[in-house]
Amino acid sequence: MTTIADPKAPRAPRPGPGRRVTRGNVEMASWLFMRISGVVLVVLIFGHLFVNLVAGGGVKAIDFAFVAGKWASLGWQVWDLLMLWLAMIHGANGLRTIINDYAEKNATRLWLKVLLAASFVAVVVLGTLVIFTFDPCPAGAAAGTLPSFCPAP
Amino acid sequence: MTATLEPAASTAVGEVPTFQVTLKIARYIPSDAPAPAYGEPVPAGTARWDEFQLTVHGTDRVLDALHQVKWDLDGTLTFRRSCAHGVCGSDAMRINGRNRLACKTLLKDLDPSKPITIEPIKGLPVIKDLVVDMEPFFASYREIMPFLITGANEPTKERLQSQTQRDRFDDTTKCILCAACTTSCPVFWTDGQYFGPAAIVNAHRFIFDSRDEGGAQRLEILNDKEGAWRCRTTFNCTDACPRGIQVTKAIQEVKRAVITRTF
Amino acid sequence: MQTHEYDVVIVGAGGAGMRAALESSVRTRTAVISKLYPTRSHTGAAQGGMCAALANVEEDNWEWHTFDTVKGGDYLVDQDAAEIMAKEAIDAVLDLEKMGLPFNRTPEGRIDQRRFGGHTRNHGEAAVRRACYAADRTGHMILQTLYQQCVKNDVQFFNEFYVLDLLVDHDLAAGQVPDHEEVNVAGVVAYELATGEIHVFRAKSVVMATGGAGRIYKTTSNAHTLTGDGIALAYRRGIPLEDMEFFQFHPTGLAGLGILLSEAARGEGAILRNSTGERFMERYAPTIKDLAPRDIVARSMANEVREGRGCGPHKDYVLLDLTHLEPAHIDAKLPDITEFARTYLGVEPYTEPVPVYPTAHYLMGGIPTNVRGEVLRNGTDVVRGLYAAGECACVSVHGSNRLGTNSLLDINVFGRRAGIAAAEYAVDATLVDLPESPAATMSAELEAIRTRQDGERPADIRRALAETMDANAQVFRTEESLTQALADIRALARRYRSVSVQDKSRAFNTDLLEAVELGFLLDLAEVVVVGALNRKESRGGHFREDYPKRDDAGFMRHTLVYRRPLTDGPAAVDGDSDGPFALSSQSDGYQLVLGSKPVSVTRYQPMERKY
């Protein structure tokens, strides 16, 4: 005779009030978002991978100049911004779901979500800043590493 | 076995040879002390595994083996059962890690060379041995308004419904509320807040009934944070259903109905 | 101990109990006490259908239905009650449809109907389509629909409460209460399974709807929980039991297991065959063949086996042949029963015939009631406020043999009637004083069983009881076999007095409850056998090989069996001191006294029963 390995089974009912009724379409919106953003991300990510790794000179062509050149155009800025935001919301929402599914205690759940929100904000803010405040022609850089449109120092 | 019109049929009922099985049963004997707090381990000694060696027949079900234990070996073994042929839904339990009805699972179909583990269904508070508290399960069922909702005008005779309309929700009318699906769902295991497959299946039964007019209300209920959106389509419920209901499909149909209702 | 007060208490949450609760709860304060969760009740195992002369698919009327019911019951049916049932059947089906029951439909969208055993057009001309159905899950749908309505109406349930005693303001069991004296019901005593606590329910009306007692037999289609609790309680408290010798054996139980395969299979065209492949029912019922009433088919099957034409290595079953039916048709109309054959016997009904043999199925007898559901305490007087409906009651609409589908009808028609009558009575009635320490007897008995250290194992006694009932009181009965059965039962009852259980705990002690149920089974088996011994004729489900003919002159009456204390003088009751119902049978410490009740004959004089 051994003790049951999984002590979760015999347990008292969850304390506190029962299920709280939530109305509104938040969960539906989140569910739909996951599917739609998933499809969009497939296009964005594979487009990104193709342009960076296959087209032109292929993977060998990637350098500072290549990246700076891309971000000089508004189109690529929007592309990368969309990719950043969608991927981050998609991922964070997925993690939120996983926390809901696997964290048993309310306190654990709360703290994990706080942590998730904090890291989400940090990455999104930093990423966005980088895309928009990126300077393709930093002063003092060697001319060979800069994109061709930079004015000669 | 086979049954043919020739009198010399090869084998027959009761002639399937006997064999040995070992049952490994999760026991939980409630003490006078209050139940342990949520998430806390149970006190040592109240929960244990018991093993029983039995000689069984080829047509015996897991329920027959449990009866053999209870009636001949250990009368304290406690489980629910009634009809013994899979229509009342009393004896859902976790057999070899899978939710099934004990009365519908033949021992010969399990691997008799290894011990057959039998545990209570997961996610509901255990009362004693294989008996769990079904109240949370039925509470979710009651919340989705599991009854026909119609307008004021009652016909004098029956409401008309075509067989095609009738067939639309046939699958979900088979539910016997055994809880095998809900307690196979990992999302339900965590905190028991999710409505669970069974409640959604029973909502589906009315949402897709052409005579019913309460579909919008039920969809609103299942649009809840703990409603249909918590389904992760792991198909555990469909695998567990002893009635062969396409549970996951029903849940997906409910999700689609919520979306098409909104847009 | 807790005490509750209600206007109406309904015991049992199967079809009859919940149908009664739906009527009663809208009229007055009602509680339903059930030893199972309502949806576990055995109504859910009913398969084939529910007959009503809707005439949706062909010409039909309730008068034909009444005739079939009376003839099917071999004229022991109370014809006034049968007429009520056949008339109200139509509304009963329509009510269920309006509650949401998903019946199969005709091409016009009406409720579809199919053939069923013993149901004929124009007094026996040919089989008629009368059974309304939802695939082969009609009972499941009825149970679910009634429970859904109970949820809608917020009916109060006490689930997993076992009723242990029936409280009446007179000691009827002593046999001293004169006729016509007013006797009132006071309530019931129940045992909460989860805690072992005793609850007393005071009530103005009590409706017994506790179902059958098939577990007195070994081979049975009945659930493990069908132990006749309500019937036995009424009997122990001095109320007679009516026609208990009539037990229906359903022809098509899965051989060796007893699991039911609906008559709907034959309604859809399946055929019974013996070892030579012969469609033997042509010999026994030339007109309607396989769709003859159940008693005739069961007896014919048993006879084929007895005369050596059984199938299998032991020649102990016959075959139900569906192989000529289209698999698609089988799937549409009979999905569950074909799955039973696959799951439990490993037989594929599309291509192989299914081994079947009669299985104990339905108790025609029970607590005697009138058509309002009021319980009779002798041939005429009612116990005020006490009602019974469903299989535990004997109205009697089934006489000596119930027709298929009429049980689902019975629970709906008479469940509804009992619910209305109980509620209307309770509105004007007052609560009757409880006897002093109302739970004392039963809790003492319970404690004695629970705390007894060494004694008989309940399972051993139960197995022995079921064995002897199967061997001696089944389809074929003789004086000798019945005497043997009675001796066995009494010996087992003696052993039962020292029964003890291994589970000594209070919470969820099913070991203890099984022992209590065994006590009920022993009491009822004794009544069945004593009634069968006394009825020296063959009628419907009761076939005596030593008296193979029906004897209307001697036995065209309902049997009543009373449990009374032993007395020195004659023990006859209500004027049956001579004639065939004068038997009294002494057991240990009490005796079974027989009486009788006339059969209500309105339209149909008894005729020879041929199909």
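Residue numbers start from 1 in every chain, and the chains themselves are labelled A, B, ... in the order their sequence lines are given, proteins ahead of strands.
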Is it the side chain or the backbone of [X] that comes within 4.5 Å of chain B heavy atoms, both, or neither?
X        : answer
C:Tyr147 : side chain
C:Met141 : side chain
C:Arg462 : side chain
C:Ser505 : side chain
C:Asn56  : side chain
C:Arg309 : neither
C:Ile259 : side chain
C:Leu101 : backbone

Self-check item: C:Arg457, CZ: over 12 other non-hydrogen atoms inside 6.0 angstrom
Solution: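 Counting other residues, nucleotides and ligands, CZ of C:Arg457 exceeds 12 neighbours.
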Self-check item: C:Lys218 atom NZ, over 12 foreign heavy atoms within 6.0 Å
Solution: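 Atom NZ in C:Lys218 is not packed in, count stays at 12 or less.
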Practice problem: Using the salt bridge (charged side-chain N to carboxylate O under 4.0 Å, His left out) rule, take C:Asp336 and B:Lys174 through it: C-alpha gap first, then chi angles, then the decisive distance, then the call. | Solution: CA-CA 10 Å; C:Asp336 274 10; B:Lys174 296 190 289 195; over 6 Å; no
Quiz prompt | Worked check of salt bridge (charged side-chain N to carboxylate O under 4.0 Å, His left out) between C:Asp503 and B:Lys128 | solution = CA-CA 12 Å; C:Asp503 194 340; B:Lys128 183 175 179 180; 2.8 Å; yes
Exercise. Take C:Glu160 and B:Arg80, measure what salt bridge (charged side-chain N to carboxylate O under 4.0 Å, His left out) needs, and give me the verdict at the end.
Key: CA-CA 10 Å; C:Glu160 296 186 326; B:Arg80 291 193 179 101; 2.5 Å; yes
Self-check item: Option in C:Val501, C:Asn104, C:Ile90 with maximal non-hydrogen atom pairs under 4.5 Å from chain B
Solution: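 Top option by heavy-atom pairs under 4.5 Å: C:Asn104.
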Quiz item: Among C:Met99, C:Arg506, C:Arg463, which residue forms the greatest number of heavy-atom pairs with chain B at distances under 4.5 Å?
Solution: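 Most pairs with chain B among the choices: C:Arg463.
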Chain C contact via [X] - side chain, backbone, both or neither, heavy atoms under 4.5 Å:
X        : result
B:Arg166 : side chain
B:Arg159 : both
B:Met134 : both
B:Leu177 : both
B:Glu135 : both
B:Gln163 : both
B:Asp72  : both
B:Thr150 : neither
B:Ser90  : both

[X] (side chain) donor-acceptor with [Y] (main chain) under 3.5 angstrom:
X        : Y        : result
B:Glu158 : C:Ile111 : yes
C:Arg40  : B:Cys88  : yes
C:Lys504 : B:Thr76  : no

Practice problem: May I ask you to name which of B:Gly86, B:Gly75, B:Ala84, B:Gly89 has the most heavy-atom pairs under 4.5 Å with chain C? | Solution: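 Highest number of pairs under 4.5 Å: B:Gly75.
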Exercise. Pick whichever of B:Asn202, B:Leu77, B:Ile176 has the most heavy-atom pairs under 4.5 Å with chain C.
Key: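 Of B:Asn202, B:Leu77, B:Ile176, B:Ile176 has the most heavy-atom pairs under 4.5 Å with chain C.
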Heavy-atom pair with the smallest gap, counting every atom of [X] and [Y]:
X        : Y        : answer
C:Leu36  : B:Ser82  : CD1-OG, 3.7 Å
C:Arg110 : B:Leu160 : CD-CD2, 3.5 Å
C:Gly100 : B:Asp209 : O-OD2, 4.4 Å

Exercise. Begin from the C-alpha positions of B:Lys70 and C:Thr510 and carry the test side chain to side chain donor-acceptor pair (under 3.5 Å) through to its verdict.
Key: CA-CA 10 Å; B:Lys70 183 170 182 69; C:Thr510 53; 3.0 Å; yes
Quiz item: Heavy atoms, side chains only, cut-off 4.5 Å: are C:His224 and B:His67 in contact?
Solution: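 SC-SC contact between C:His224 and B:His67 confirmed.
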Practice problem: Run the salt-bridge test on B:Arg211 and C:Glu97 with the 4.0 Å N-O cut-off and return the result as yes or no. | Solution: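 The answer is yes: the pair qualifies as a salt bridge.
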Quiz item: Taking NZ, NE, NH1 and NH2 as the nitrogens, is one of them in B:Arg142 or C:Asp154 under 4.0 Å from a carboxylate oxygen of the other?
Solution: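 Salt bridge: no.
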Quiz item: When the ring centroid of C:Tyr344 is compared with that of B:His85, is the distance short of 6.0 Å?
Solution: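 Centroid separation for C:Tyr344 and B:His85: 6.0 Å or greater.
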Practice problem: Before giving the answer on salt bridge (charged side-chain N to carboxylate O under 4.0 Å, His left out), spell out for C:Glu339 and B:Arg243 the whole-Å C-alpha distance, their side-chain angles and the decisive distance to 0.1 Å. | Solution: CA-CA 10 Å; C:Glu339 194 199 315; B:Arg243 302 282 284 174; 5.9 Å; no
Nearest 0.5 angstrom please: [X] [atom1] to [Y] [atom2], how far?
X        : Y        : atom1 : atom2 : value
B:Leu148 : C:Gln148 : CG    : CD    : 8.5 Å
C:Asp511 : B:Thr78  : CG    : OG1   : 7.5 Å
B:Tyr141 : C:Thr39  : OH    : OG1   : 7.5 Å
C:Gln144 : B:Arg205 : CD    : CZ    : 9.5 Å
C:His140 : B:Cys83  : NE2   : SG    : 11.5 Å
B:Arg81  : C:Thr225 : CZ    : OG1   : 6.5 Å

